[in-house]
Amino acid sequence: MKDLNTTAAASSFFKLFKEIKPISLWLLLPLIVVLAVTGTKYLIVFPAVFLFFALYLQFKERFIPIWIITTFLTVTSTFSVELRLVVQITNLSLLSLVFLHNYGFDLRSYPGIPRFLSVFLVLLISAMIASGLVNSAASIALAQVFRLIIFLVLLYLLYAVVLKHNAVFSVLLGLFVSAIVYFLVAFSELAKANFDFIQRAQNEVFRIGSDYVNANGLGAVFGVTLILALSLYHSKFFKTQLSKVLLIGFIVTVVSGLLVANSRSALLATLIGLTYYFFITNRKIVWYGFITVIIAVLVILIVEPLRNFFELFLRFDQFSTGRDFLWANAWEIIKHNPFFGTGPGAYKLQMYKHLPYALGGFEESYIRRQYEFVTFGVAHNFYLFMQSELGLIGGILSVYLPASLLHYANKVSKQIRDTNQQMHRLVVGITAVFIFIFIRGIFESSFILNYGYILSDLPLWSLIALLIVIEKRSVATNASS
């Protein structure tokens with residue numbers, strides 16, 4: 001009798017989950033953020049578990065990509081170092097179980113990836129191993145290779161699940177939810193600065209839980225999600241008036257986040273990415289935008305209070321912010337390690353061996369701060385980062401990846417242009433994001449490929465996976481018709 005009562009109670013509990021409206025469940029998200037920001041991070045587990053089961057029962061396996069992306073971007077590298085390993089193991093196990101449920105052990109049914117991507121990854125891993133061995137930094141190199149392989153396995157599982165369920169919007173929603181979390185954190189930091197944008201702009205990092213997140217990283221998330229949100233404006237997902245209002249509200253939110261983060265590299269890359277997107281989809285907006293920018297610049301130059309504000313806000317007195325020092329240091333390292341580089345992850349071991357500045361000087365003090373704070377990508381330039389750590393092959397691969405991705409995206413765009421206008425706009429948006437990220441790569445090393453560092457690498461590579469899904473779905477649709 002007791003077992004029957006327990007079963008009935010469990011049944012009633014799950015029925016309650018199913019009856020809860022999905023929109024109300026997202027109200028738990030601010031609660032999770034508040035708990036994390038206030039330091040009560042272990043209490044996150046309870047609303048998070050409730051949120052997971054409730055949304056999973058509502059959306060089934062289409063919800064998995066949302067959960068994976070959101071938790072990886074907002075928990076593993078921000079809210080709690082202690083929860084990081086738990087989240088990583090849980091998410092990897094969850095993806096593995098869903099993958100096996102969908103595909104089983106039939107290797108022939110496992111989805112393939114484009115050849116250019118296979119070539120890139122094989123050459124990358126080979127270059128990492130060779131560079132580490134040549135520089136007697138095998139243990140450091142193997143650690144980076146191991147993390148990269150784990151990341152690629154996780155990404156492949158995510159890609160396979162998205163492909164199986166055509167969960168394109170789930171990937172985007174995962175990025176959007178992460179951006180909202182970051183905005184709440186950025187807004188709380190702005191509030192601590194008494195909403196003084198100038199004071200906030202002088203600080204390069206945002207405090208989140210027990211870790212720090214660079215403002216440039218937050219700016220990248222806001223820029224990426226802004227472009228993607230605009231590409232969805234005419235999508236079937238936002239047909240109703242309420243959904244349009246929510247999308248516009250999100251766009252306003254990430255634009256505000258861009259301003260609060262005040263990352264000049266992200267602002268510039270966003271402008272270039274949006275110019276490309278509207279040049280392809282609606283060229284009138286490009287010309288109107290160009291005229292608006294010219295008028296705004298003239299007004300700012302004429303009105304002295306506005307000019308003074310923007311000079312402080314955009315930090316014109318710190319134009320390079322020390323990147324030229326780091327680039328000079330990277331170039332010295334490249335000159336001394338032209339063929340095999342320093343080895344993956346071993347860049348910092350050679351920074352002071354080839355320092356082009358005097359110890360104790362202003363330039364060296366700036367480089368020292370970066371040395372102490374940054375783990376990967378100290379060069380502050382993705383292309384110099386690849387060349388300096390992996391040598392000649394790394395330099396070639398740093399150019400091969402953008403060129404191949406943009407070529408592939410253009411191919412997919414042409415493939416679906418006449419058959420699916422809504423999806424075509426999204427592909428153009430993803431291409432604009434690629435342009436955003438690779439332009440930003442001139443000023444930052446992150447957000448392209450930092451050996452599988454999840455916070456840095458997942459946004460771009462989840463969109464690469466999404467583009468492959470769109471291409472494969474398009475081919476399958478054309479074949480069936």
Side-chain angles (χ1 to χ4, degrees), residues 62 64-66 68-69 72-73 110-121 124 151-152 154-176 178 220-221 223-232 234-237 269 273-274 276-277 280-281 397 400-441 447-449 456-479:
R62 283 173 176 266
I64 297 300
I66 305 174
I68 295 296
I69 292 172
F72 269 137
L73 292 183
Y110 292 1
I113 63 174
R115 185 176 180 182
F116 81 88
L117 206 53
S118 302
V119 170
F120 171 80
L121 293 174
L124 175 66
F151 172 76
L152 293 174
L154 185 149
L155 186 71
Y156 179 79
L157 296 175
L158 178 64
Y159 150 67
V161 171
V162 172
L163 177 63
K164 181 70 174 180
H165 299 281
N166 196 21
V168 171
F169 186 65
S170 297
V171 173
L172 300 174
L173 189 56
L175 294 172
F176 291 171
S178 300
V221 172
V224 166
T225 50
L226 172 61
I227 295 171
L228 293 173
L230 288 170
S231 72
L232 289 175
H234 298 284
S235 168
K236 64 181 181 180
F237 299 112
L274 288 177
Y276 170 82
Y277 174 76
I280 300 298
T281 59
L397 290 177
Y400 173 78
L401 179 63
S404 301
L405 274 180
L406 292 174
H407 178 267
Y408 180 67
N410 185 56
K411 169 191 161 187
V412 177
S413 177
K414 290 179 178 178
Q415 187 173 296
I416 66 173
R417 181 172 51 199
D418 299 326
T419 58
N420 192 333
Q421 278 294 316
Q422 293 181 358
M423 197 58 72
H424 174 253
R425 283 179 174 271
L426 176 58
V427 171
V428 174
I430 292 173
T431 308
V433 168
F434 290 166
I435 292 171
F436 166 96
I437 288 176
F438 294 127
I439 290 293
R440 183 180 175 275
F447 256 71
I448 300 178
L449 190 60
S456 168
D457 297 350
L458 187 58
L460 171 64
W461 287 84
S462 62
L463 291 176
I464 293 173
L466 193 59
L467 187 63
I468 300 171
V469 168
I470 293 171
E471 194 264 343
K472 285 187 175 294
R473 284 280 176 176
S474 172
V475 170
T477 302
N478 292 338

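With rounding to the nearest 0.5 Å, the separation of CD1 in I470 from CG in L163 is 11.0 Å. Atom CH2 of residue W461 and atom CG of residue L467 lie 12.0 Å apart, to the nearest 0.5 angstrom. Rounding to the nearest 0.5 angstrom, the gap separating the CG atom in L228 from the CD1 atom in I430 is 6.5 Å. Within the model, atoms CZ of F436 and CZ of F447 stand 7.5 Å from one another, a figure rounded to the nearest 0.5 Å. Interatomic distance, I280 CD1 to T431 OG1, rounded to the nearest 0.5 Å: 8.5 Å. Between atom CG of residue L173 and atom CZ of residue R62 there is a gap of 12.5 Å, rounded to the nearest 0.5 Å.
Side-chain atoms of I464 and Y159, non-hydrogen and from C-beta on, never get closer than 4.5 Å to each other. Inter-residue side-chain proximity for Y156 and P111 is flagged as met; some heavy-atom pair is nearer than 4.5 Å. Between V171 and V469, every side-chain heavy-atom pair lies at or beyond the 4.5 Å cut-off. Using a 4.5 Å cut-off on side-chain heavy atoms (C-beta onward), S462 and L175 make contact. Between L426 and S235, every side-chain heavy-atom pair lies at or beyond the 4.5 Å cut-off. Proximity of V224 to L463: side-chain heavy atoms (C-beta onward) are separated by under 4.5 Å at one or more points. Within the 4.5 Å cutoff, side-chain heavy atoms of L274 are placed close to those of L226. Between L158 and I69, the closest side-chain pair of non-hydrogen atoms falls below 4.5 Å.
Annotation for G441 and I448: closest pair CA-CD1, 4.1 Å, computed over non-hydrogen atoms. Nearest approach of Q422 to H234, heavy atoms of both residues: NE2-O, 3.4 Å. Here the closest heavy-atom approach between residue S231 and residue G429 is recorded as CB-CA, 3.9 Å.
Scanning for ring pair (Phe, Tyr, Trp, His ring centres under 6.0 Å) contacts around F176 gives F250, with sequence neighbours left out. Scored by the side-chain contact (heavy atoms from CB on, under 4.5 Å) test, I439 finds A269, I272, I435 as partners (sequence neighbours excluded). Evaluation of the ring pair (Phe, Tyr, Trp, His ring centres under 6.0 Å) rule for Y277 yields no partner, not counting sequence neighbours. With sequence neighbours excluded, the residues that form a side-chain contact (heavy atoms from CB on, under 4.5 Å) with S413 are H424, V427, V428.
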Pairs of donor and acceptor atoms involving the side chains of residues 401-408, under 3.5 Å and at least two apart or interchain, shall be tabulated with distances.
from	atom 1	to	atom 2	distance (Å)
S404	OG	Y400	O	2.8
Y408	OH	E471	OE1	3.4

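Formation of a donor-acceptor pair under 3.5 Å by the R425 side chain with backbone atoms of L232 is not found in this model.
Residue pairs meeting the side chain to side chain donor-acceptor pair (under 3.5 Å) criterion with at least one partner in residues 161-174, sequence neighbours excluded, are E61-H165, N102-H165.
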